[in-house]
Amino acid sequence: MTVIDASVQPHFRYNAEIRRYLAEPHKLRAIPDVESQWYQAPGGDYRADLYAHGYPWSDPETVAAHLFDEAGVDIAILNPLTRGNIADYLLNSRICAAVNDWLLDRWLEPDRTGRFRGTIRVNPEDVRGAVAEIERLAAHPRMVQIGVPLQSREPYGKPVFGPIWEAAAAHGLPVVVHINGGNGVDYPPTFAGHAHTYPGYASFMPLNGFVHLATLIIEGTFGRHPGLRFVFADGGYDILTPLMWRLDTFWMSMRDQTPWVDRYPSEYLRDHVRFCSSAFDGPTDAALTERWMDFTDKADLVMYGSHYPHWSSTPPAEVARGLNEIQREKVLWRNAGALYGLTNEVAV
């Protein structure tokens, strides 16, 4: 199988390593540790068998062996976490820039395999700073997307974020939305507030992604930026069909309030939206998977993402279980190849 893994989370070897990439005024600032999570998975956030070389996602050679040699991945898209939402938005922007510099220095530029691609992490709370960071790194050939946290003070369709999306679209870079909370001064993991337990957190989190998606459509963001594409990396596409049907229905009866939305909301999906696969998505019966993927044309929207090294990391064969040959190729590599301009590198 040809495989593009669209969701891999590398990180620093140790928490203080980030300080090597911070400017002098910021080196001594208090920065949360990456492990300071409010919601811990019952068995730990990361696969126990990966703790051999420090943090399980910190050594490029080890990650390459796990993904390329053992899992059969051809290209991996690296989307590093930052340190959550920091109250000092300027410090938060500097942390994003440090993560980007580290990703280039330790992962992308030394990569002799040519199989790693990267994400430019930006801070949406600092719109001008986010645009400047995009302009700084957008031309790098190994950077293929912009990264923002799923938790946000407002939905991403709001006009305040417009300059960030305009810059991303201008450079042809998709925007990936990924859970990045639990550290710093965090926004609630759902738009209704805080869940009390990990099961509640994990179950409700995809609804955040849909709120962002709905406002991007209804507020006219996709209409204003035809080249803008969003990737929702934490799965949740199993709720896509009923929620899009509901959005289409309300749009039909209230078109006078959204005259800039010139087609059914669901018709924006193919040109603007992709989802990464998740172990929690889809039917439990593989016999239903092929038909289920046809609803809302999901086979054109879903990309394989292992979420390595998380405990829920899913191998390609598991994600492809029950799909027909055409669906399997789209999910495992064709959709990601087209989105990131990698088709010629992996086409078979």
Side-chain angles (χ1 to χ4, degrees), residues 3-12 18 21 34 45-46 50 55-60 63-64 66-68 71 73-85 92 95-108 111 115-124 130 133-134 137-138 140-152 156 164 168 171 173-183 205-206 208-209 212 229-237 273-279 302-310 312-314 335-337 339-342:
V3 178
I4 296 176
D5 190 338
S7 185
V8 175
Q9 284 81 55
H11 215 286
F12 296 92
I18 190 175
Y21 299 89
V34 68
D45 285 331
Y46 306 104
L50 299 181
Y55 285 142
W57 62 114
S58 63
D59 180 65
V63 173
H66 289 158
L67 294 179
F68 305 141
V73 171
D74 293 275
I75 292 179
I77 312 298
L78 305 179
N79 182 15
L81 305 182
T82 60
R83 297 300 175 90
N85 299 300
N92 201 2
I95 289 174
C96 288
V99 169
N100 295 334
D101 289 339
W102 162 83
L103 187 67
L104 290 170
D105 180 56
R106 181 151 171 79
W107 291 81
L108 300 183
D111 174 28
R115 299 165 80 175
F116 285 130
R117 297 297 186 276
T119 301
I120 303 170
R121 294 306 309 251
V122 301
N123 173 22
E133 188 67 2
I134 293 171
L137 296 175
H140 196 286
R142 291 292 190 90
M143 292 295 200
V144 297
Q145 63 185 0
I146 311 300
V148 297
L150 180 63
Q151 293 95 325
S152 171
Y156 283 141
I164 305 176
H171 289 286
L173 296 174
V175 177
V176 61
V177 183
H178 190 283
I179 294 174
N180 195 48
N183 309 321
M205 182 61 73
N208 268 17
H212 289 310
R229 293 158 297 171
F230 263 72
V231 177
F232 294 95
D234 292 297
Y237 57 86
V273 180
R274 296 294 181 269
F275 292 84
C276 289
S277 58
S278 169
V302 177
M303 306 184 299
Y304 169 66
S306 67
H307 305 292
Y308 175 97
H310 291 272
S312 57
S313 179
T314 311
N335 292 340
L339 182 71
Y340 297 117
L342 301 173

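On a predicted model such as this, the values are computed, not experimentally measured, just so you know.
Closest approach of Ile18 and Ala98 over heavy atoms only: CG1-CB, 4.0 Å. Ala233 approaches Cys276 most closely through the heavy-atom pair O-CB, 3.4 Å.
With a 4.5 Å cut-off on side-chain heavy atoms, Pro10 and Trp102 count as touching. Using a 4.5 Å cut-off on side-chain heavy atoms (C-beta onward), Val122 and Ile134 make contact. The closest side-chain heavy-atom distance from Val176 to Phe232 is not below 4.5 Å. Between Thr119 and Val144 there is no side-chain heavy-atom pair separated by less than 4.5 Å. The shortest side-chain heavy-atom distance between Leu108 and Leu78 falls under the 4.5 Å cut-off. In this structure, the side chains of Glu133 and Ile120 come closer than 4.5 Å at one or more pairs of heavy atoms. In this structure the side chain of Ile77 never reaches within 4.5 angstrom of the side chain of Asp5, judged on heavy atoms. In this structure, Met143 and Leu103 have side chains that are in contact, with non-hydrogen atoms separated by less than 4.5 Å.
Judged by distance alone, the side chains of Asn180 and Gln151 never bring a donor and an acceptor atom under 3.5 Å apart. A donor and an acceptor atom, one from each side chain of Ser58 and His11, are nowhere located under 3.5 Å apart. Tyr340 and Gln145 share a side-chain donor-acceptor pair at under 3.5 Å.
The main-chain N or O of Tyr156 is found under 3.5 Å from a side-chain atom of His212 such that the two form a donor-acceptor pair. Judged by distance alone, with hydrogens and angles left aside, the side-chain atoms of Arg121 form a donor-acceptor pair with the main-chain N or O of Pro80 at under 3.5 Å. Listed for the Arg274 side chain is no donor-acceptor partner under 3.5 Å among the backbone atoms of Pro174. Counting only distance, with no hydrogens or angles, the side chain of His140 and the backbone of Arg142 share a donor-acceptor pair below 3.5 Å. In this structure, the side chain of Asp59 does not engage the main chain of Val63 through any donor-acceptor pair within 3.5 Å. Although no hydrogens or angles enter the test, the distance criterion places no donor-acceptor pair under 3.5 Å between the side chain of Ser7 and the main chain of Ser306. Using a distance-only test at 3.5 Å, with no hydrogens or angles considered, no donor-acceptor pair links the side chain of Asn335 to the main chain of Met303.
Phe116 pairs by the ring-ring contact (aromatic ring centres under 6.0 Å, His included) definition with Phe68, Trp107, not counting sequence neighbours. Here Asp105 pairs with nothing under the salt bridge (Lys or Arg N to Asp or Glu O under 4.0 Å) rule; sequence neighbours left out. With sequence neighbours left out, Asn79 forms a side-chain hydrogen bond (donor to acceptor under 3.5 Å, both in side chains) with no residue at all. For the side-chain hydrogen bond (donor to acceptor under 3.5 Å, both in side chains) test, residues two or more places apart in sequence or in another chain that qualify with Asp101 are Arg136. Under the side-chain hydrogen bond (donor to acceptor under 3.5 Å, both in side chains) criterion, Ser277 pairs with no residue at all, not counting sequence neighbours. Residues that satisfy the side-chain hydrogen bond (donor to acceptor under 3.5 Å, both in side chains) test with Arg117, not counting sequence neighbours, are Glu345.
The OH atom of Tyr21 sits 9.5 Å away from the CG atom of Leu104 when rounded to the nearest 0.5 Å. With values rounded to the nearest 0.5 angstrom, Asp234 atom CG is found 3.5 Å from Ile179 atom CD1. The distance from atom CZ of Arg83 to atom SG of Cys96, rounded to the nearest 0.5 Å, is 11.5 Å. Atom CG in Asn92 sits 6.0 Å away from atom OG1 in Thr82 (nearest 0.5 Å).
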Under the side-chain contact (heavy atoms from CB on, under 4.5 Å) criterion, do Arg229 and Val175 qualify, and how do the steps go? CA-CA 6 Å; Arg229 293 158 297 171; Val175 177; over 6 Å; no
Before giving the answer on side-chain contact (heavy atoms from CB on, under 4.5 Å), spell out for Tyr308 and Leu67 the whole-Å C-alpha distance, their side-chain angles and the decisive distance to 0.1 Å. CA-CA 9 Å; Tyr308 175 97; Leu67 294 179; 4.1 Å; yes
